[in-house]
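Letters A, B, ... are given to chains in the order of the sequence lines, protein chains preceding strands, and every chain is numbered from 1.
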Protein chains: 2
Amino acid sequence: MEKRVRLTREEAKARTRRALLDAAAAVFSEHGFHGASIDMVAEAAGYTKGAVYAHFANKDELYLALLDEHLSAEGPPPIGLLEGGAAIDAIAAQIEETLPQELERMRDWGRLTYEFVLHAMRDDGVRARLAERFHRACDDYAGSLERRAVARGESSPSDLRQRAVALMAFENGLSLLGFIAPELLEGGVYSATLARLLER
Amino acid sequence: MEKRVRLTREEAKARTRRALLDAAAAVFSEHGFHGASIDMVAEAAGYTKGAVYAHFANKDELYLALLDEHLSAEGPPPIGLLEGGAAIDAIAAQIEETLPQELERMRDWGRLTYEFVLHAMRDDGVRARLAERFHRACDDYAGSLERRAVARGESSPSDLRQRAVALMAFENGLSLLGFIAPELLEGGVYSATLARLLER
DNA sequence: GTCTATAGAACGATAGAC
DNA sequence: GTCTATCGTTCTATAGAC
């Protein structure tokens with residue numbers, strides 16, 4: 001028998017939100033952004049539409065909440081590695097080793113990403129909300145690069161933001177290539193390019 | 001009165017193909033890949049479905065033919081500039097100047113691209129056909145880099161292909177960022193990163 | 001009693017079937 | 001071209017926490 005403690009309102013609300021986000025992750029990943037309906041998400045979480053709209057303004061914001069979790073939870077692969085100030089070679093080795101699994105794991109998310117980018121290209125309001133996330137991701141990269149410089153006892157490069165954008169662009173593009181023509185990624189492109197982009 | 005010369009069969013065929021491709025470009029760009037139908041393309045060109053299928057195996061191949069024209073006609077911006085062996089600074093200046101118009105001009109094509117990538121992610125046959133184009137584009141890049149080295153009287157770098165892939169990935173990613181958050185591209189990211197990627 | 005999270009009916013838009 | 005099903009969103013009623 002489970003110990004059933006009565007939940008306070010806030011606890012219940014948080015629990016519902018979690019359930020909705022988990023359900024949304026599963027349903028979106030299976031049916032895509034366009035193919036998934038709010039009803040399906042609600043039902044998968046054991047609620048109804050009303051619950052979804054009590055927690056998220058609309059379908060777009062539901063996806064964006066998912067994206068936020070994705071960005072803050074894992075971040076793109078190298079971001080954590082950078083901060084420690086490890087040598088580029090060490091980072092490169094680590095990256096090359098985990099790249100295939102990383103790409104595989106990203107397939108579902110990649111589909112969602114492109115669907116939503118497409119959606120955002122047609123609606124300027126959505127585009128702006130997604131742009132906020134890009135800016136935040138860029139800040140995270142810049143922060144990582146800065147902390148890396150500190151950890152290595154170097155002065156942080158003056159073109160931090162430029163490098164952050166370049167890294168973001170490169171990773172986005174590389175994941176696209178990886179989905180379509182993964183052979184192109186063999187031979188250490190990722191690590192070699194990372195080295196060039198980090199070079200002082 | 002127009003001088004109406006009788007066309008040979010081959011000329012007529014080529015003219016029809018041209019008309020179909022032009023129509024496809026217009027219709028795809030207006031309705032997207034998914035939203036456009038073969039009927040719409042045929043009608044816009046003044047033919048019927050039969051004409052389309054006489055020239056292209058299916059909708060996918062019709063798009064791929066468009067992509068082929070796109071790749072060989074213009075190629076990505078810097079590819080022509082690279083070959084002359086101009087200094088990076090000169091290339092950079094040229095690129096930065098034309099970047100905004102370039103991005104604007106690419107909006108329609110970008111939408112088509114992402115739609116087709118998405119489509120390719122779901123169908124492995126299509127994915128493979130698209131991958132062929134990626135490989136060819138990569139070869140073009142590598143060729144450009146090689147000719148650049150020759151023009152500059154340098155020995156061509158040993159990691160030509162790596163650099164070619166890196167350039168492709170970077171440009172793909174940058175165009176995605178440009179669609180969603182163009183502000184991120186201000187401040188010379190493109191040229192500065194190009195310089196880093198070309199560096200010996 | 002008050003407030004709010006959720007259920008579920010209602011509405012307008014849109015796409016697909018026929 | 002019409003009809004139907006479906007979906008995103010809005011609105012209202014209600015049950016339960018405070």
Side-chain angles (χ1 to χ4, degrees), chain A residues 1-70 108-109 111-133, chain B residues 23-24 26-44 48-50 52-53 58-60 62-63 108 111-112 114-119 121-123 126 180:
Chain A
M1 273 289 156
E2 194 191 336
K3 192 170 168 187
R4 272 233 167 254
V5 182
R6 192 66 93 78
L7 298 173
T8 70
R9 243 205 282 228
E10 272 187 21
E11 284 169 339
K13 196 177 172 185
R15 168 188 281 216
T16 302
R17 188 187 149 90
R18 237 313 15 99
L20 289 172
L21 282 171
D22 291 342
V27 173
F28 280 159
S29 140
E30 184 178 351
H31 300 275
F33 181 74
H34 186 73
S37 75
I38 301 279
D39 270 317
M40 291 165 79
V41 172
E43 192 182 5
Y47 294 89
T48 62
K49 276 204 277 269
V52 176
Y53 281 95
H55 286 266
F56 307 96
N58 52 43
K59 198 179 174 184
D60 295 330
E61 294 295 326
L62 177 55
Y63 168 82
L64 288 171
L66 234 38
L67 175 57
D68 286 339
E69 292 208 319
H70 194 81
D108 281 348
W109 184 255
R111 176 182 166 191
L112 255 189
T113 304
Y114 295 123
E115 273 186 303
F116 199 78
V117 165
L118 223 33
H119 179 173
M121 282 176 70
R122 289 193 221 102
D123 180 326
D124 199 62
V126 178
R127 201 222 83 242
R129 297 286 285 158
L130 183 56
E132 291 171 16
R133 270 63 181 192
Chain B
V27 173
F28 279 161
S29 139
E30 184 178 350
H31 301 275
F33 180 75
H34 186 73
S37 71
I38 299 279
D39 268 317
M40 292 166 77
V41 172
E43 192 182 3
T48 58
K49 271 208 281 264
V52 177
Y53 282 100
N58 52 45
K59 197 176 169 186
D60 295 331
L62 179 54
Y63 168 83
D108 281 348
R111 177 183 165 191
L112 259 188
Y114 296 124
E115 275 186 301
F116 199 77
V117 165
L118 222 34
H119 179 141
M121 282 176 71
R122 288 193 221 102
D123 180 325
V126 178
I180 302 300

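- With sequence neighbours excluded, no residue satisfies ring-ring contact (aromatic ring centres under 6.0 Å, His included) with His55(A).
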Show me the side-chain donor-acceptor pairs of residues 20-30 of chain A shorter than 3.5 Å, one per line, residues at least two apart or across chains.
{"from": "Asp22(A)", "atom 1": "OD1", "to": "Arg18(A)", "atom 2": "NE", "distance (Å)": "3.4"}
{"from": "Asp22(A)", "atom 1": "OD1", "to": "Arg18(A)", "atom 2": "NH2", "distance (Å)": "3.0"}
{"from": "Ser29(A)", "atom 1": "OG", "to": "Asp108(A)", "atom 2": "OD2", "distance (Å)": "3.2"}

Tabulated below should be each protein N or O lying under 3.5 Å from an N or O of nucleotides 4-13 of chain D; please produce it.
{"from": "dG8(D)", "atom 1": "OP1", "to": "Ala36(A)", "atom 2": "O", "distance (Å)": "3.2"}
{"from": "dG8(D)", "atom 1": "OP1", "to": "Lys59(A)", "atom 2": "NZ", "distance (Å)": "2.7"}
{"from": "dG8(D)", "atom 1": "OP2", "to": "Ile38(A)", "atom 2": "N", "distance (Å)": "2.9"}
{"from": "dT9(D)", "atom 1": "OP2", "to": "Tyr53(A)", "atom 2": "OH", "distance (Å)": "2.9"}
{"from": "dT9(D)", "atom 1": "OP2", "to": "Lys59(A)", "atom 2": "N", "distance (Å)": "3.0"}
{"from": "dT9(D)", "atom 1": "O4", "to": "Lys49(A)", "atom 2": "NZ", "distance (Å)": "3.3"}

Inset, instruction - Start with the C-alpha distance between Leu64(A) and Leu67(A), add both sets of side-chain angles, then the distance that settles side-chain contact (heavy atoms from CB on, under 4.5 Å), and finish with yes or no. - result: CA-CA 5 Å; Leu64(A) 288 171; Leu67(A) 175 57; 4.2 Å; yes
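- Residues Phe33(B) and Leu62(B) fail the side-chain proximity criterion, which asks for heavy atoms closer than 4.5 Å.
- Salt bridge annotation for Lys13(A)-Glu10(A): absent, with no cationic side-chain nitrogen under 4.0 angstrom from a carboxylate oxygen.
- Summarising the geometry, the separation between NZ on Lys13(A) and C1' on dC3(C) is reported as 12 Å, rounded to the nearest angstrom.
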